[in-house]
Asker: 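Sharing a structure with you now.
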Amino acid sequence: MMASALPRNVMAATANFPDGFIWGVATSAGQTESREGRGRSNWDVFLDNKGSTADGTINQRNTEFQLRYVDEFKLLQNAGVNTYRFSFSWPRIQPETPGSPNMRAMSYYDRLVDSMLEHGLEPMPTLSHWETPLWAGDFLDRDITKRMGDFADIMARLVGDRAKRWLMFNEPNALAAFGYGNGAFAPGYRSREYLGAAIHHINLAQGHMHAAVKSNLPNVKISSAFNMQPVEAPSGKEEDVKAARFMDVLWNEAMPGPAYGKGYPDIIVPMVEPYIRDGDLETIAIMPDFFGANFYTRGFVANDPDSPLGTTMVAPPPDIELTLEFPYDPDSYTKVLLDIHKKYGGPEILATEFGFATKEEVPLQEFDEKMPKDLVINDPDRVRFMKGYITAALEAYKQGVNLSGMMYWSSTDNLEWTLGLANRFGLIHIDQTTQKRTPKKSLEYYASCIALNGPA
Ligand code: FCB
């Protein structure tokens, strides 16, 4: 008995993730909560003005998360998920003005956090997942940075150390590049000058949020969820390669670099310099307690002098498989994790998002009461992609990366911003008419990874 038990234990220790690994799911308020009971947000204006998203749905109803979170938490608990990443809706907490928070919103988030804990889920809040209340302005205005600090202070006092890990921004780089550079996201600006202002003010807001959370809760671990995406030019032409290099630095270094005390990369300095005041770089150098990394894919671009970002996206090389939304790229995942490890001195890395939109095998119109109760929706592509990325992350861990967890995007199908509801990322299917939650095969697969503490 002893002889056979030993090798198995040794196998488990080397083949899989460490004990206490975070197996989480990630969501955000702007994609799941309905507009009910909150003030108007930057995304409300953006989507209302744009007329519609790709499939005609906007963020009016979303998944009615506020009413239905318990159904979801039960399914996650059954699967063994141990952490739930979600975001606070700032326009719910301070709907019309700065100052005192809305008490109904406070009691909702208070109950929500308790419910997570009751279902064995560690709450991991994101303070800002792209949504801001209209009254607070945008990141062209330096004043928003202090307002975000006040908001963080309110939330830190409310939640206290019921949450052990906090995130400040979700993808501050995507917010700056798409919201202010190419206009793809709210508030929809297209300007190199605005992009510079946004980069600096988002970084500064992060500094203020960090100070607010740490002064209330010195023992919690805090970071942001940076989207990490190596950028390259498939054409190999000189002007494309140069443009890709700029985009790569802008995307991957302009936000985490200053947060880790490295200041702005040289090619970003001219864009942000007009907005920097004395003391800003010190406020920004928060030295995160861990590196939050969202990873979906590598980026493929070409030079585009008409875009404030200097690039336009192009098709990936033909040998790369596509998911419904992003190229599937497990090798880059391993490389990105190793790269963060080297660049930032071997920090703890938490994979705050990985996920896939895929086709599912049961036609949507068949999801109704007539289906058997134990129906599990078949999504074999998602399972295959998940296995690839979890294996890629394990490979990085084996090569020395201090990876403490992975969080699948997303728990349920939800509003994929301007792409509407058609691109389903969930482990749990949502019927958009009845709002019924149904687990997919991929949730079952995630449960087996959790049980094994590695790729099943
Ligand atoms: C990430 C976002 C998240 C979701 C996924 C698919 O970039 O953080 O809100 O849209 O992509």
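Basis for what follows: all heavy atoms, side chains included, without hydrogens, waters or symmetry-related copies. For ligands, and for the atoms within them, numbers begin at 1 and follow the listed sequence.
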Asker: Using the test side chain to side chain donor-acceptor pair (under 3.5 Å), find all partners of N252 that sit at least two apart in sequence or belong to another chain.
Answerer: D248
Asker: Looking at atom 1 (C) of ligand 1, what's its closest protein heavy atom, distance included?
Answerer: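 Going atom by atom, the protein heavy atom closest to atom 1 (C) of ligand 1 ends up being E353 OE1, 3.2 Å.
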Asker: Check whether the side chains of R437 and T412 place a donor and an acceptor atom closer than 3.5 Å, and report yes or no.
Answerer: no
Asker: I want to know if ligand 1 touches E171 in the polar sense, i.e. an N/O pair below 3.5 angstrom.
Answerer: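 Yes, since at least one N or O of E171 sits under 3.5 Å from an N or O of ligand 1.
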Asker: Check if H129 has a non-hydrogen atom at a distance under 4.0 Å from any atom of ligand 1.
Answerer: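 Per 4.0 Å heavy-atom rule, H129 contacts ligand 1.
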Asker: Is the number of heavy atoms from other residues, nucleotides or ligands within 6.0 Å of NZ (K74) greater than 12?
Answerer: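 No.
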Asker: More than 12 heavy atoms of other residues, nucleotides or ligands under 6.0 Å from CZ of R104: yes or no?
Answerer: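 No.
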Asker: My understanding is that only one of T32, T63, L443, L76 makes a side-chain contact (heavy atoms from CB on, under 4.5 Å) with S411; could you say which?
Answerer: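 Exactly one option meets the side-chain contact (heavy atoms from CB on, under 4.5 Å) with S411, and it is L76.
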Asker: What protein heavy atom lies closest to atom 5 (C) of ligand 1? Include the residue and the distance to one decimal.
Answerer: Y296 OH, 3.3 Å
Asker: Considering W409, F425, F326 one by one, which has a heavy atom nearer to atom 4 (C) of ligand 1 than any of the others?
Answerer: W409
Asker: Of all the non-hydrogen atoms in the protein, which one sits nearest to atom 10 (O) of ligand 1, and at what distance?
Answerer: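 In this structure, atom 10 (O) of ligand 1 has E416 OE1, 2.7 Å as its nearest protein heavy atom.
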Asker: Starting from atom 8 (O) of ligand 1, what is the nearest protein heavy atom, named by residue and atom, and what distance separates them?
Answerer: N170 ND2, 2.8 Å
Asker: Measure from NZ or CZ of R165 to the centre of the six-membered ring of F290, then state whether that distance is under 6.0 Å and the direction lies within 45° of the axis.
Answerer: yes
